[in-house]
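Side chains included, hydrogens not; waters and symmetry mates left out as well; all remaining heavy atoms used. Numbering of ligands and ligand atoms starts at 1, following listing order.
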Amino acid sequence: MLKDLFMGLSQNQFLNHAAKKYGLKMGAQSVVAGTNIPEVIKSIKELNAQGISCTVDNLGEFIFNEEEATAAKEQILKVIEAIHQNQANAHISIKPTQVGLDIDYTFCLNNIREIVEKASLNDMFVNLDMEDFKHLELTFQLLDDLSMEYNNIGTVIQAYFHKAMDFLEKYKNYRLRLVKGAYKESEEIAYQDKKDIDANFIKLIEWHLLNGKFTSIATHDHRIIDYVKEFVKSHNIPNDQFEFQMLYGFRKELQQQLAWEGYNFCTYVPFGHDWYGYFMRRLAERPQNLNLVAKQVFNKKTNTIIGVAAGAFLLGRMTKSNKKKRK
Ligand SMILES: Cc1cc2nc3c(=O)[nH]c(=O)nc-3n(C[C@H](O)[C@H](O)[C@H](O)COP(=O)(O)OP(=O)(O)OC[C@H]3O[C@@H](n4cnc5c(N)ncnc54)[C@H](O)[C@@H]3O)c2cc1C
């Protein structure tokens, strides 16, 4: 129920726009590394000093007009420049919908091409984040098209999809991030049960470590991390074949410990004003994350926003189910 609530809230455009107005005062600053480029560079440098590399995400959701998508692209180009200027150890993660995938495929492709080109000139990798199923095929298409010109790109495989192994086999020669999957997908296409998702996740990790290019294992799940540590040891997989990734602000001690133990570690560093959808998805996957940010988040204003939204969401659900009953 809570998962559905936060997933519902993550897609609420009205709340998304409303939340932007409050900046990071609502407490998202513990999981979002600032609103502007100097702030994010400072956060990256702090992580670099601990032996941690970064992948930077200029946050953005619900972009349906060319102006905003172009502005997002320009901002990402500036981030690449700033990473280079500051000699920071970081690369880029992009959500294709932020740079126009919901507007027009070619427009989006051209935007990402500019980003990949600039990154390539700076010897920097670009990851295409994987969003919901609706965008999956086109995201793979972007990868196919761009890889005819560039080799500094990769994407994400989400273990909750029944077909994840097929995707992995097809894209095994790319640097891939493997994740459990963050969006709400139907049971026709995706496992719903945590046990099934975890089992598939492990299967994918093992397969890519043995057969694929560089693997980024992106999880906060210590059981899976411990399993991977044993697996690489018993299969003599060198540390330069893989890395662990976690999100900024989560399990900071474990992040530092893994880097300290000599594993490649990369923190996913989101920044910008458009933090709302990202933040709600984090709450959806683990409502306990509320504890992490509770003190800062739940001031009066936030309580009001989330309270009103939760009420509206639940009312919507009740109305729907009453309608169904009436039918
Ligand atoms: C770097 C990165 C990039 C990602 N990119 C994408 C993407 O492109 N597309 C996409 O769909 N999804 C992405 N995700 C999200 C991912 O799909 C999962 O939704 C998310 O990581 C939650 O799953 P989990 O593997 O971390 O473990 P979960 O299944 O959430 O948790 C498993 C267990 O780990 C422990 N645990 C988890 N979190 C914590 C915590 N904060 N503190 C203490 N213990 C904890 C608990 O014991 C929990 O039961 C990304 C995740 C990461 C880390």
Side-chain angles (χ1 to χ4, degrees), residues 2-3 6-7 10 30-33 47 52-57 59-61 90-98 101 125-136 139-140 142-143 153-161 164 167 171 174-185 189-202 204-205 215-228 242-255 257-258 264-270 277-294:
L2 263 183
K3 183 172 177 154
F6 287 121
M7 283 311 277
S10 79
S30 49
V31 293
V32 174
L47 288 161
I52 292 175
S53 69
C54 299
T55 183
V56 187
D57 170 27
L59 289 166
E61 311 245 343
H91 67 264
I92 297 293
S93 282
I94 317 176
K95 288 199 171 33
T97 60
Q98 190 192 23
L101 193 58
F125 176 71
V126 176
N127 185 75
L128 301 185
D129 283 4
M130 199 51 96
E131 300 171 77
D132 57 354
F133 182 70
K134 206 169 71 178
H135 299 101
L136 181 128
T139 302
F140 282 135
L142 287 166
L143 191 66
I153 46 170
T155 190
V156 179
I157 305 289
Q158 294 146 310
Y160 56 20
F161 286 126
F167 304 146
Y171 291 98
Y174 288 83
R175 171 180 174 158
L176 292 179
R177 177 193 300 155
L178 307 181
V179 299
K180 292 188 187 179
Y183 298 83
K184 189 168 167 54
E185 305 291 0
I189 54 169
Y191 297 111
Q192 307 292 313
D193 198 84
K194 183 171 159 43
K195 261 199 220 143
D196 297 330
I197 299 170
D198 286 1
N200 206 32
F201 190 35
I202 291 205
L204 300 175
I205 295 170
T215 314
S216 299
I217 300 141
T219 183
H220 307 107
D221 192 332
H222 48 278
R223 288 173 221 97
I224 288 181
I225 292 167
D226 288 345
Y227 181 85
V228 171
F242 71 98
E243 69 183 3
F244 291 109
Q245 291 190 350
M246 287 188 205
L247 304 176
Y248 180 84
F250 292 98
R251 308 206 82 171
K252 284 193 216 167
E253 280 164 24
L254 185 53
Q255 298 199 16
Q257 188 195 318
L258 287 164
N264 283 310
F265 195 92
C266 177
T267 300
Y268 185 101
V269 181
Y278 171 85
F279 185 49
M280 288 299 143
R281 276 196 301 283
R282 302 292 78 83
L283 296 179
E285 61 208 13
R286 189 172 152 83
Q288 297 98 308
N289 285 339
L290 279 171
N291 295 336
L292 191 76
V293 285

> Which bit of Val156 gets closer than 4.0 Å to ligand 1, counting heavy atoms only: side chain, backbone, both or neither?
Replying inline: side chain
> Can you tell me if CZ on Phe125 sees more than 12 non-hydrogen neighbours from other groups inside 6.0 Å?
Replying inline: yes
> Between Arg177, Lys180, Gln245, Met130, which one has a non-hydrogen atom sitting closest to atom 28 (P) of ligand 1?
Replying inline: Lys180
> Which atoms of ligand 1 are found less than 4.0 Å from any heavy atom of Phe250?
Replying inline: 41 (N)
>> Out of all atoms in ligand 1, which are within 4.0 Å of some heavy atom of Gly181? Include the element for each.
In response: 11 (O), 16 (C), 17 (O), 19 (O)
> Looking at Ala182, which atoms of ligand 1 are within less than 4.0 Å of one of its heavy atoms?
Replying inline: 10 (C), 11 (O), 12 (N), 15 (C), 17 (O), 19 (O)
> Are any side-chain N or O atoms of Gln245 and backbone N or O atoms of Arg177, one a donor and one an acceptor, separated by less than 3.5 Å?
Replying inline: no
> Closer than 4.0 angstrom: is that true for some heavy atom of Lys95 and an atom of ligand 1?
Replying inline: no
>> As an exercise, state the distance from CG of Leu204 to CZ of Phe161, rounded to the nearest 0.5 Å.
In response: 12.0 Å
>> Out of all atoms in ligand 1, which are within 4.0 Å of some heavy atom of Tyr183? Include the element for each.
In response: 11 (O)
>> What I want to find out is whether Asp221 reaches Lys180 closely enough, with some N-O distance under 4.0 Å, to be called a salt bridge.
In response: yes
>> Would you call the rings of Tyr278 and Tyr268 parallel, tilted or perpendicular, taking 30° and 60° as the class edges?
In response: parallel
>> Only heavy atoms of Tyr268, strictly under 4.0 Å: list the atoms of ligand 1 that pass.
In response: 1 (C), 3 (C)
>> Nearest non-hydrogen contact with atom 35 (C) of ligand 1 belongs to which option: Glu185, Lys194, Glu243, Arg251?
In response: Arg251
> Which of the atoms of ligand 1 are close to Gln158, meaning less than 4.0 Å from one of its heavy atoms?
Replying inline: 9 (N), 10 (C), 11 (O)
> Residues two or more places apart in sequence or in another chain: which of them pass side chain to side chain donor-acceptor pair (under 3.5 Å) with Asn200?
Replying inline: none
> If you measure from each non-hydrogen atom of Met246 to ligand 1, which part falls under 4.0 Å: side chain, backbone, both or neither?
Replying inline: backbone
> Below 4.0 Å from any atom of ligand 1, is there a heavy atom belonging to Glu131?
Replying inline: no
> Is Arg281 in contact with ligand 1, taking contact as a heavy-atom separation below 4.0 Å?
Replying inline: no
> How far apart are the closest heavy atoms of Thr55 and Cys266, and which atoms are they?
Replying inline: N-SG, 3.6 Å
>> Would you compute the distance between atom CD1 of Ile92 and atom CD1 of Ile153 and round it to the nearest 0.5 angstrom?
In response: 14.0 Å
> Nearest to atom 26 (O) of ligand 1 by heavy atom, Arg223, His222, His220: which?
Replying inline: His220
>> Run the side-chain hydrogen bond (donor to acceptor under 3.5 Å, both in side chains) test on Thr267 and Gln255 for me, step by step, so that the C-alpha distance in whole Å, both residues' side-chain angles and the decisive distance to 0.1 Å come before the verdict.
In response: CA-CA 8 Å; Thr267 300; Gln255 298 199 16; 2.7 Å; yes
